[in-house]
Every structure is written in C-alpha cells, then in structure tokens.
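Chain letters run A, B, ... following the sequence lines, proteins first, then strands; residues in each count from 1.
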Amino acid sequence: MNKNLAGRVVPSEANGRSFPPYQGVGGFKPSGRHAGPPIKSSADFPGNGDKKTPNLKEALVRAGLKDGMTVSTHHHFRNGDFLAEQLFAAAHELGIKNLTWFPSAVFPCHEPLIRFIEAGTIHHIEGSLNGPLGAYASQGKMPGLGVLRSHGSRYRALQDGDLRVDIAVIAAPSCDPFGNMTGATGPSACGVLGFAVADAHYADHVIAVTDNLVPFPCAPWQIAGNLVDQVVVTERIGDPAQIVSGTTQITRSPERLRIAELATQFVKAAGVLRDGWSFQAGAGGTSLAFTKFVADEMRRAGIRASFVRGGSTAVVVKMLEDGLTPVILDGQTFDLEGVRSVRENPGHVMTSPFNSYNYHGKGNIASMLDVAILGATEVDLNFNANVVSHSDGQLLHGIGGWQDALFSKCTILAVPTFRNRVPIIRDHLTTLCGPGELVDVVVTERGIAINPRRQDLMEAVQSTDLPIRSLEELKAGAEALCGGSGRTISPNGEPVAVVTWVDGTALDTLYKTS
Amino acid sequence: MVGGCLAVTRVGFAGPSVRSDVLVTVEDASALNVQVESTVYAMFGDEIRAQTMAVLNSIGNPPLQVSLEDSGALPFMIQARLEAALVKHLGGHLPALAGPRREPKRDRLRRSRLYIPGNQPKFMPNAGIYGADCLILDLEDSVPISEKQAARSMVRHALATLDFGCSEVMVRINAGDLGYQDLGAIAPCSPDVIVVPKVESPDDLTALAAQLDELESPAYIVAILETSLGVQRAYEIATATPRLIALSPGVEDYLADLRATDREATVWAHGAILNACRAAGISPLGSVTTEIHEPERTEAYAYKMASYGFDGVGCLHPGQIAPVHRGFAPTESELEEAGVVVTEFERAVGAGQGAISVRGRMVDEPVYQRALRTLQRGGAR
C-alpha cells in the first residue's frame with residue numbers, strides 16, 4: 001500500500017498485477033504499443049463461413065477454457081441478461097476454477113452468480129460492481145480484489161494489456177453463422193452493442209451467442225463476423241423488457257424534480273443552453289428529468305443541439321425525432337424506444353467507449369460536451385466526489401461512464417443534500433472516484449454550488465435569482481437537519497476493491513465492512 | 001390498556017418501503033432496556049441511542065422495554081415518535097416545546113397551499129423548498145383516527161425545528177374536542193395560521209379565537225365551510241373574529257351534505273363564500289386541485305379560480321405549485337399595463353398629485369392598488 005497524489009492509500013498491486021498510483025489528471029501517459037490478440041488465419045475457419053457450434057459448453061471447450069482464465073460479458077441487456085449465468089453454469093459443469101470475470105457492468109439480475117464465486121468457478125470480478133454483488137464484495141467474501149474501471153478505462157485496460165481477455169462471450173440479438181451481429185433487431189433486440197466492441201477486437205477468442213440466427217449477411221452489422229471465432233445458438237439470451245431497469249424512469253420524487261429544474265435553470269442562466277450545444281445525461285431519474293426539462297426549454301426557445309450523448313431513452317429519441325438534435329451518439333440503449341430508434345433513425349449512431357471517451361483516443365468526445373449531468377454518493381468541500389460507495393463503506397454502484405464524462409466543459413453533479421439522514425457533502429470521502437478540479441457545479445434541492453475555479457460560471461449567473469450557495473452552506477444546512485454528519489467509517493479493514501482512474505492508475509481503495 | 005401490563009404500544013412506521021421514519025415500540029418490563037435497529041446504524045447508531053436515553057432520563061428512566069426500528073428518521077422525527085409512544089403508553093402530556101416565534105402577516109400571497117400529511121414525516125424537511133405560498137401541516141383528513149396523537153407530536157416538532165423558507169405555515173386541526181387538543185399542542189410552536197374545518201357557526205370561531213388568546217398565540221384563522229349550514233352562514237362566520245383571514249369551501253364534504261354527486265352543485269357555495277369574504281374584507285381561497293401529474297389541467301383550474309375572484313387554491317403535490325402560480329399570474333399585457341400605472345402614479349404622488357391620467361385612463365388610489373396587486377401576483381413586487 002502507498003499514498004497517491006490525491007492522498008489516498010492504494011495497493012501497489014492487485015490480483016498479481018502492479019498498479020501505478022494516481023498521478024493527477026493527465027499525469028500518467030503510458031508509452032509503448034497496444035496489446036493485441038494472437039494472429040489468426042482465415043484458412044483455419046470454415047470456407048463456407050459457418051462457425052456454428054452446437055452449444056455454449058462445447059464452444060468453451062473448443063475455445064480452450066482453462067482454470068484461471070479471464071472471460072468477459074457485456075451489459076447491453078442491463079437487468080435482463082441471461083447469458084452470464086449460462087456461461088458460468090457451463091464453466092462450472094466443466095469443473096473449471098478460478099476464472100476472472102470481466103463484465104462491462106453487473107446488475108441485480110446477476111445475484112445468482114454469487115454461487116459460482118462460492119463454488120470457486122469465479123475467483124473475482126473486474127468490472128463495475130453494483131447491487132448484490134457489490135454488497136457481497138464489500139463483505140470481503142470475494143477471493144480476489146475487485147478492480148473498478150469506468151467504461152472508457154475498461155477499453156483502455158485492454159489496449160494497455162492490464163488484463164487479457166481469453167474468451168469474450170457476446171450476447172448477439174441477431175447474428176449470422178459467420179458472426180456478423182447487431183443489437184437492433186431480433187426478439188431480444190437491445191439497441192447498440194457498444195460495450196462489446198473492445199472485447200471483439202482484443203480478446204483471444206470471441207464467441208457470439210444468439211437467439212436469433214439470421215442468414216448471412218446480418219446487415220447492417222454492428223460488430224463484424226471477421227472478429228468472431230464461434231457462433232452459438234441458444235433459446236434466450238436476455239429479456240429486453242428488463243433493459244428498462246429502475247434507473248431509467250423519469251423520477252416522480254419532488255426533491256429530484258426540483259434538482260433537475262434547478263439544473264435546467266442553471267444551464268439556461270449560465271448561457272450554456274444555446275444553439276449548437278451538446279450534453280450527456282445518464283439514465284438516473286434526475287438526469288432523465290433534466291433531459292426532459294431542457295428539451296421543453298429548447299422547444300420553447302427554438303434552440304437545437306449539435307449532438308446528444310446517450311444512453312438513449314424515449315426522451316432523447318423524441319428530441320431526435322422532433323429535430324431538437326440531428327444526432328444521438330449512443331453508447332447504450334436504456335429503453336425500448338431507444339431500441340426502435342437505433343433501428344429506424346440514421347441519426348441514431350452507435351458508439352463504443354473508444355469513440356466516446358477512450359484515454360488513448362486521439363481526442364476525446366467527452367471533453368467536447370458542453371454539459372454532463374451526473375450523480376454522486378458523496379461530495380467533499382473541494383468538489384471531489386464518490387460514486388461507488390455509501391458513507392457507511394458499502395460498495396453499491398459501478399463507475400459506469402461517470403469518470404469519463406467528468407471531462408465535459410461543464411460537469412454538473414445533481415445530488416440531494418442528504419439521503420436517508422446521511423449528509424452528502426462531507427469533510428472526507430469514503431471513496432474518491434473523481435477529482436474536484438473536473439467538477440464544475442453541484443446542484444442540490446437547497447441550492448447550487450459553483451466550483452471557485454469556474455469564476456466564469458459564477459459571473460454568468462450572479463445577477464439571476466438562482467439560489468447560489470457555497471458547499472459549506474449546503475453542508476451546514478444538511479447537518480443541522482440530520483444531527484451532524486454521522487460517524488466517519490475509518491478504513492481499518494482489509495481491501496476488497498481498488499478504484500482506478502481513467503488512465504489505469506490506482507485512485508482509491510474500498511475496504512471490507514464490518 | 002388499563003393498568004398497562006402486557007400492553008404493547010407502537011408509534012411510527014418501519015419496513016422495506018419506509019423512508020425517514022422510526023417505529024417506536026414500548027412495553028412494560030422489569031427494568032429499562034433500549035434496543036436500536038437502524039438503516040443508518042453504522043453512522044448514527046450512537047446518536048439515536050443517546051437521544052433515546054435522554055428522553056427516557058427526562059421521565060425518570062421507567063422500567064420499560066423501548067425498541068426503535070429506524071429507517072433514517074431525522075432527529076426531530078425520532079423525538080416526536082419517542083414522546084408520542086411514551087405518552088400513549090404511560091399517559092400524561094407531551095413535554096413542553098416551543099419553536100422560533102413566527103410573525104404572522106395578514107396580507108400576503110396565498111395562491112398555493114400545499115398539504116403535508118401530519119403523520120408522514122418524510123414530506124416535511126423539504127416542504128419549504130418548493131416555493132409554495134402556504135404549507136398546511138394536516139392533522140385532519142389525511143390522518144387516520146388511530147394516528148391523531150402521533151401526528152400532533154410530529155407536527156409540533158416539525159414546527160419547532162424546520163425552516164419552511166418563505167412559505168407561510170398553517171396547521172389544519174381537527175373539528176371539535178380533538179381540535180382543542182391539537183391546538184394546545186401546536187400553538188406554542190408558533191404556526192402562522194390555524195385552519196379549522198367543518199365550521200358551521202360564528203361561535204366556533206369566537207371560541208377558537210378565545211383559546212388562541214389564552215395560549216398567547218398571534219396565529220390567524222382560515223375556516224373551511226363544508227356543510228350546507230356553514231355555507232348558509234358564510235357572512236356571519238366571515239365577520240366572527242378579526243383573527244379570520246380567509247374562508248375556503250370543502251368541496252367533497254359539502255357535496256355529500258347536499259347529497260349531490262355533480263361538482264357543478266358547488267357553484268352556489270363558491271359564490272356565497274366569495275361574496276361573504278369580499279363583503280367582510282377577507283380572502284376567498286379555493287379548494288384543492290386533484291390532478292397531481294397534469295400541469296396543464298392544474299394551471300387551467302387555477303386560472304379559472306383566479307378569474308372567479310379566488311385568491312388561491314390547495315395543492316396535494318409540490319409539482320402543482322408552479323402551474324398554480326402560472327394560473328394566478330397576470331398576462332404579459334396586464335403586467336406591462338400595471339407596471340406603467342404603478343410607476344406613473346408613484347411619480348405623481350411624489351410630485352404631490354392625487355390622480356393622474358395614464359394612457360388616457362384616470363388613475364387614482366384604488367386603480368393604483370389594483371395595479372400593485374397585479375404586480376404582486378406576477379411576482380414583480
């Protein structure tokens with residue numbers, strides 16, 4: 001363990017690999033050449049293009065699945081994914097042990113996979129851990145260390161060779177026998193397959209699993225069959241109705257609506273909401289409400305965006321179809337309206353984390369966004385923020401694209417001043433996930449705090465009647481209601497996971513609770 | 001509950017879907033024993049225990065088993081639940097409590113009155129952030145009869161603890177004897193206004209005003225008329241006491257009393273109340289708007305009530321406040337006109353004139369006052 005530039009104590013190695021400590025925003029720039037998959041030759045594949053294998057278990061055997069390998073899955077079905085469980089059930093039947101699971105994210109539907117950790121099939125998970133698996137990891141029950149990466153950083157990890165995916169298993173809503181695949185069509189259509197792109201390119205072996213085999217060519221494809229080793233047809237790969245998990249509904253909570261309303265008034269007053277602007281809003285209830293409110297405002301004022309970054313939702317699709325934006329750059333599809341739009345609208349464009357916010361990309365679309373609106377579990381007085389753990393130390397959320405989107409020109413954290421008696425603005429963060437220099441504004445139900453680094457924003461809104469407050473004032477208000485800030489949980493337990501920064505350095509550590 | 005033995009007293013709520021509340025269970029025991037469970041135990045367990053012990057200590061640490069099942073209740077909520085549970089179990093009165101002195105204002109905007117159910121504390125801490133002109137902490141219809149005492153305890157602690165921003169704070173008490181008990185508990189915590197339901201006679205209000213005098217409370221009164229008799233006596237009631245600032249119809253109860261089912265049947269009552277209020281120089285306030293998630297219909301209702309001459313309507317959800325204010329706002333051209341009238345008249349008064357001509361129309365004091373009210377309604381003054 002050593003202390004990084006942010007003053008956080010971090011492990012120097014995890015799961016047998018070394019992690020450089022965090023060195024500041026833009027401070028760490030690896031050199032050398034990208035890691036890559038082994039060279040393969042078309043001569044070794046069937047000339048008729050038929051790569052079908054009878055079932056997933058057989059495919060894993062043919063792929064050479066062995067103890068200790070790394071296998072990956074993706075979360076384009078969000079809470080409706082069936083494939084991860086089928087995959088590890090097959091590995092378990094084969095008697096395989098100590099796999100590293102490298103998902104792009106996990107959801108509550110993956111709770112049943114805990115039995116494969118208990119059985120030794122899975123050694124540890126490297127990916128956004130949320131819900132039941134996050135809680136499980138927090139209890140220190142996972143044999144290896146969790147490694148939390150943002151979506152962009154997951155792509156980077158494959159480029160840097162931080163870890164190598166031995167076998168990528170990609171859920172393909174439509175797929176031909178050659179492996180060309182798309183998420184836009186089929187009974188399990190889920191929209192875009194952006195998260196699987198990295199694995200398709202960098203994994204040693206790629207298996208496409210579909211419940212909708214179509215004749216060659218599956219066109220237009222989102223991932224080319226030339227990257228795919230085997231194709232497996234199975235009964236069901238996921239439930240698209242569950243793509244719409246709880247986080248993708250517009251909130252009815254009056255507090256959150258108030259926060260979204262204030263954020264909307266802020267971007268309007270600050271002059272950020274103007275013709276040609278762009279923004280990213282996630283799938284959280286407050287972000288969705290913000291998207292709806294700014295769309296209403298744009299309609300009223302006759303303003304058009306130059307692009308909107310998805311997660312796509314019905315609200316964003318309506319903006320596209322009403323001409324409020326010419327393009328949705330979509331990294332993941334959050335609801336069935338989004339799925340329809342991917343199919344029907346040429347302006348609904350699939351992106352992968354490479355296009356959206358890759359650290360090794362030659363430029364970063366995230367830094368071109370005028371506004372990103374994000375959540376947080378904790379914020380400190382220097383605008384540093386946490387998004388993965390709660391103040392009681394529990395790991396409960398993934399990083400998602402949160403760290404990546406911090407690079408926008410105006411990053412807004414939309415948070416209540418307290419949740420469930422726990423004040424959100426704190427002297428010390430339980431876990432540092434994002435440096436305060438990238439957080440421009442904190443919008444709460446009781447007022448808006450602007451980072452003193454952004455005097456330009458401060459001046460832009462000073463003559464409005466917006467409730468501009470300091471973080472100190474907002475913190476004091478919440479503590480008066482809650483009866484103090486609550487006990488600070490001191491990290492005296494053993495590490496259970498490491499949070500990495502977008503460049504792969506170790507930013508902070510999560511510890512075992514109780 | 002005679003003798004108290006074997007009796008178990010429960011106040012508050014717990015369960016997976018509960019937020020910001022605490023279930024307090026009190027049983028007789030051979031010695032004092034306190035048990036605390038909480039969703040925020042890791043962070044606030046010690047505070048919750050200390051707060052509980054302090055309350056028990058203040059009544060001499062009686063031999064009781066006291067259990068708290070907490071879902072992130074704020075300290076004032078815990079205090080209210082503990083006090084209510086102990087009084088319910090042991091008898092006696094709620095301990096003395098006083099809040100910051102509010103100074104009620106007779107004349108102010110009352111376009112929106114947001115109802116907050118008196119026994120649902122989770123809605124209270126943020127009630128003041130939505131810009132409602134008035135908040136009504138409700139002890140009457142939103143509270144089941146078995147929870148009246150718990151609600152009374154919660155509302156008085158909310159009054160004593162919370163900052164309700166710019167909103168005027170009203171408490172709707174129960175009718176009859178229950179209402180007098182409500183008043184005794186909450187008046188020391190300084191609500192701006194007491195809303196009294198089911199008023200049928202001026203005597204109801206003179207008695208209430210006398211009790212407020214006795215309690216040394218400066219609170220004003222809003223009376224709800226919701227029976228045929230009450231509406232029939234609207235003017236007598238409207239002039240019963242100088243504490244009365246407004247009358248409001250209670251539409252549902254009134255329809256039932258008329259044995260009517262069509263809301264159109266309330267037209268006469270609305271007219272009677274409106275006329276009585278204007279004749280008595282007090283404010284007519286409209287009933288609640290029930291379309292919770294339909295802002296256009298809410299705004300249309302508010303606009304209709306404003307054009308009839310009512311000064312405000314009731315709201316059940318914070319999302320109704322903005323549409324209600326839009327409904328009561330003057331149009332752009334009304335605002336512009338009023339702005340010119342006020343500016344010109346104030347300049348004329350400064351120059352020693354009493355009446356002037358603006359855009360070819362005579363402007364004197366009453367016209368000026370009406371223009372001022374238009375600007376106020378538009379939020380410009």
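Considering every non-hydrogen atom in both B:V40 and A:N420, the closest pair reads CG1-O, 3.1 Å. Shown here for A:D392 and B:A42, the closest heavy-atom pair between the two residues is CB-CB, 4.1 Å.
Looking at residues two or more places apart in sequence or on another chain, you find a side-chain hydrogen bond (donor to acceptor under 3.5 Å, both in side chains) between A:R300 and A:E297. Shown here are the side-chain hydrogen bond (donor to acceptor under 3.5 Å, both in side chains) partners of A:T431, two or more places apart in sequence or in another chain: A:S389.
With B:Y130 contributing its side chain and A:E255 its backbone, the two residues share a donor-acceptor pair below 3.5 Å.
With a 4.5 Å cut-off on non-hydrogen atoms, A:S485 touches chain B through its backbone but not through its side chain. Only the side chain of B:L162 comes within contact range of chain A, judged by heavy atoms closer than 4.5 Å. Proximity to chain A is limited to the backbone of B:S71, based on heavy atoms less than 4.5 angstrom apart. Heavy-atom distances place both the backbone and the side chain of A:R252 under 4.5 Å from chain B.
The 12-atom threshold is exceeded at CZ of B:R326, counting heavy atoms of other residues, nucleotides or ligands nearer than 6.0 Å. The number of heavy atoms from other shown groups lying within 6.0 Å of OH (B:Y303) does not exceed 12. Other residues, nucleotides and ligands place more than 12 heavy atoms under 6.0 Å from the CZ atom of A:R419.
The candidate from B:P125, B:G128, B:G165, B:S20 with the greatest count of non-hydrogen atom pairs under 4.5 Å with chain A is B:P125.
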ask   = Should A:R421 and B:M77 be marked as a side-chain contact (heavy atoms from CB on, under 4.5 Å) after you check the CA-CA gap, both sets of side-chain angles, and the distance that decides it?
value = CA-CA 11 Å; A:R421 196 180 171 170; B:M77 303 171 186; over 6 Å; no
request  = Dump the intermediate steps for side chain to side chain donor-acceptor pair (under 3.5 Å) on A:R446 and B:N126, then the final yes or no.
outcome  = CA-CA 9 Å; A:R446 284 178 161 71; B:N126 288 342; 2.4 Å; yes
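Between B:I129 atom CD1 and A:L262 atom CG the span is 8.0 Å, to the nearest 0.5 Å.
No cation-pi contact links A:R487 to B:F44, judged by a cut-off of 6.0 Å to the six-membered ring centre and 45° from its axis.
Residues of residues 316-325 of chain B lying under 4.5 angstrom from chain A, judged on non-hydrogen atoms, are B:H317, B:P318 by number. Interface with chain B: from residues 472-484 of chain A, residues A:L481, A:C482, A:G483, A:G484 qualify, criterion being any non-hydrogen pair under 4.5 Å.
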